[in-house]
Amino acid sequence: MATRGRASQDIKGNGRKKLLLIGKTGTGKSSLCNVISGLDHDSDDFPVSAEALSCTQNSQFADVFFNGNKGRPISVIDTIGFDDPKKDTDADIIAKLVYQLKNNCDHINLFIIAINGQNPRFDGSLTAMIKIFEGMFGKTFWKQVVLTFTRMSMDVKDKQRRQRNARQTDDETAAKFITVIQKDFPEARGVNYLFLDACYDDDGAHEEQAFNQAMSNLWFFLNKAPDLTTNRVSSVETESRQLRQKIAAEEQYNQRLKRENERKTIKMQQNLARMQREIEDQRAAENRRRQNEQEQMRREMRREREELEDRMQSSRNCKLCYHHLGTWKCDMCNYPAGFSRFGRGTTAVFKEFRNEMEEEQQKINTLRTEMIQ
C-alpha cells in the first residue's frame with residue numbers, strides 16, 4: 001500500500017526535489033499529483049472533480065514519495081486551474097501563489113504543464129497562463145518544463161485509432177503542438193514532453209508499461225533538474241488588470257496634461273493682462289504728455305496773443321505824449337492822429353503791426369495744426 005503524502009504549507013528547506021503542476025481546469029492535474037505520489041488517481045490527497053469547476057480552490061503543497069518510493073522524497077505543488085487568467089479573481093490567486101512561493105518554498109526543480117491530450121489546444125487562456133509563470137521565473141523557466149499530455153490511453157488499439165483519425169502519431173501531434181507554442185514562446189524550442197495517463201488500466205500490459213516508462217522519464221527529468229530559486233519570483237498582473245492600470249495611467253497622464261495646460265492658459269492670460277495694463281499705462285502716460293504739451297502750447301499761444309494785443313494797443317497811443325489816441329487827434333495834446341511823433345502816419349504804423357500780427361497768427365495756426373495731428 002502506497003504511503004500517503006503529508007500536506008504542508010511550508011516546504012522550504014526540506015531537502016526535497018520540488019515539482020509544480022500547471023494547467024487549465026479539467027486537464028487532470030490533481031490526478032497526476034495523486035499518481036506521482038504513488039496513490040490512486042482519484043485519491044482524496046489531491047481531490048479530483050468530474051465537474052467543470054476546479055476542485056482545487058487553493059494551491060496545495062505536499063511532501064510525498066515519487067511513485068510511492070520512499071527512497072525518492074519530493075514535494076508536489078498543485079496549483080489552481082485558471083479557466084481565464086484575464087479575470088481579476090485569477091489576479092488574486094496569482095498574487096497569493098507568488099506569496100506562497102516566495103515565503104513557503106525555496107526552489108522549484110521541474111514544471112509540469114498538463115495538456116488535455118483528447119483536445120490539445122493552445123488557446124488564449126493557456127497562453128496567458130504560461131506568460132504568467134514565465135513572468136514569475138523568467139526565460140529559464142522553459143529549461144525546466146515538461147509538457148505532459150493527459151487523458152490519452154496508451155492501449156495499442158486506442159493509439160492506432162488516434163493515428164487513423166488524426167493521420168499522425170502521438171509524437172507527431174506533440175511535435176506540432178510544441179511548434180505552435182514556439183510562435184509565442186521561442187524559448188520553448190526542444191522542450192521535453194510525456195504521455196502520462198493517470199487513469200490507465202492496470203489489466204492492460206501496454207498501458208501499464210507505457211505508464212511506468214513515462215514515470216521513469218519524469219523522474220529522470222526531475223532528478224537532473226537544478227534548483228530554480230523562488231526568492232526572485234516577481235508578481236505578474238493579469239491582462240485585464242494591466243489594461244485597467246494602463247487606462248488609469250493614461251487617464252492620470254491626460255489629467256496631468258489638462259492641469260498643465262490650464263496652468264499655462266492661466267499664466268498666458270495673466271501675462272496678456274499684464275501686457276494690456278502696461279500698454280494702457282503707456283497710452284495714458286502718452287496722453288498725459290500730449291495734454292501737458294497742448295496745455296503748455298495753449299498757454300504760450302495765450303501769452304503771445306496777449307503780447308500782440310498789448311503791442312496793438314500801444315500802437316494806438318499818441319507818439320508824442322503816449323496818451324490814448326482819439327479819432328482824429330490826441331485828447332491830451334491835440335497831436336494829429338494821422339501823424340506819428342517821428343513824422344510817420346499812424347496808418348503806416350498800423351500796417352506794420354497788422355502784418356506782424358498776421359504772421360504771429362499764422363504761427364499760432366501752424367502750432368494748433370501740429371497739436372491736432
Side-chain angles (χ1 to χ4, degrees), residues 1-7 11 14-23 26-48 56 60-79 107-118 120 143-159 162 169-171 173-175 177-178 190-228:
M1 181 178 180
T3 303
R4 290 188 174 274
R6 179 175 60 84
I11 57 175
N14 59 10
R16 295 174 177 236
K17 292 286 186 178
K18 295 176 175 64
L19 179 65
L20 186 145
L21 283 83
I22 307 166
T27 56
K29 294 191 313 302
S30 297
S31 295
L32 279 178
C33 290
N34 282 323
V35 296
I36 288 173
S37 304
L39 305 172
D40 292 335
H41 69 87
D42 56 355
S43 173
D44 292 335
D45 283 37
F46 296 93
V48 178
T56 304
Q60 293 180 270
F61 292 62
D63 291 330
V64 301
F65 296 100
F66 186 86
N67 204 14
N69 187 341
K70 290 186 178 181
R72 296 178 176 180
I74 65 171
S75 295
V76 174
I77 303 171
D78 184 14
T79 61
H107 65 268
I108 301 294
N109 295 100
L110 198 66
F111 299 88
I112 286 181
I113 299 180
I115 309 296
N116 184 355
Q118 296 177 357
K143 296 180 181 180
Q144 295 170 234
V145 167
V146 175
L147 295 179
T148 303
F149 294 88
T150 64
R151 303 185 183 279
M152 295 177 67
S153 172
M154 291 293 105
D155 181 71
V156 174
K157 291 184 179 180
D158 291 333
K159 292 179 65 175
R162 283 197 300 272
T169 64
D170 292 339
D171 289 322
T173 300
F177 188 83
I178 294 173
V191 66
N192 295 311
Y193 67 90
L194 294 172
F195 300 100
L196 207 163
D197 182 17
C199 304
Y200 73 96
D201 187 357
D202 295 342
D203 296 332
H206 292 287
E207 292 186 64
E208 185 175 8
Q209 181 181 358
F211 174 80
N212 291 332
Q213 182 60 49
M215 290 291 288
S216 177
N217 292 338
L218 180 59
W219 172 253
F220 173 78
F221 295 141
L222 177 61
N223 192 44
K224 75 170 185 177
D227 296 344
L228 183 59

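Small disclaimer: the values here were computed from a predicted structure and weren't measured.
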Original post:
Going by heavy atoms in the side chains, are I74 and I36 under 4.5 Å from each other?
Top reply: yes

Side-chain donor/acceptor pairs under 3.5 Å, residues 216-226, sequence neighbours excluded:
from : atom 1 : to   : atom 2 : distance (Å)
N217 : OD1    : Q213 : NE2    : 3.1
N217 : ND2    : Q213 : O      : 3.4

Subject >> S37 side, atom OG; N69 side, atom CG - distance, nearest 0.5 Å >> reply: 12.5 Å

Subject >> Between CG on residue D40 and CG on residue N34, distance to nearest 0.5 Å >> reply: 8.0 Å

**OP:** Would you mind checking if D170 and R162 are paired as a salt bridge, meaning a charged N to carboxylate O distance below 4.0 Å?
**Re:** yes

**OP:** Measure the CG-CG distance between D227 and N109 for me, rounded to the nearest 0.5 Å.
**Re:** 4.5 Å

**OP:** Determine the sole option in L21, I108, I22 for which the side chain to side chain contact (heavy atoms under 4.5 Å, CB included) test with I77 is passed.
**Re:** I108

Original post:
With distance as the sole test, does S75 use its side chain to make a donor-acceptor pair with the main-chain N or O of D63 at under 3.5 Å?
Top reply: no

**OP:** Give me the one residue out of V64, D78, L110, V146 that meets side chain to side chain contact (heavy atoms under 4.5 Å, CB included) with L19.
**Re:** L110

Subject >> Validation row, ring centre F177 to ring centre Y193 under 6.0 Å >> reply: no

Original post:
Given the rule in the side chain to side chain contact (heavy atoms under 4.5 Å, CB included) test, do F149 and T173 qualify, once you have shown the distances and angles that lead to the verdict?
Top reply: CA-CA 10 Å; F149 294 88; T173 300; 5.6 Å; no

**OP:** First locate atom CG of L194, then atom OG1 of T148, and finally report the distance between them rounded to the nearest 0.5 Å.
**Re:** 5.0 Å

**OP:** Name all residues meeting the salt bridge (charged side-chain N to carboxylate O under 4.0 Å, His left out) criterion together with D158; count only those two or more places apart in sequence or in a different chain, and write none if there are none.
**Re:** R161

Subject >> H41 and Y200, any side-chain heavy atoms less than 4.5 Å apart >> reply: no

Subject >> Student check: side-chain heavy atoms of T79 and L20 closer than 4.5 Å >> reply: yes

Original post:
Is there side-chain contact between M154 and F195, with heavy atoms separated by less than 4.5 Å?
Top reply: yes

Original post:
Do R72 and N67 come close enough that some side-chain heavy atom pair is under 4.5 Å?
Top reply: no

Original post:
When rounded to the nearest 0.5 angstrom, what is the spacing between NZ in K29 and CD1 in I112?
Top reply: 11.5 Å

Original post:
Heavy atoms, side chains only, cut-off 4.5 Å: are M152 and D197 in contact?
Top reply: no

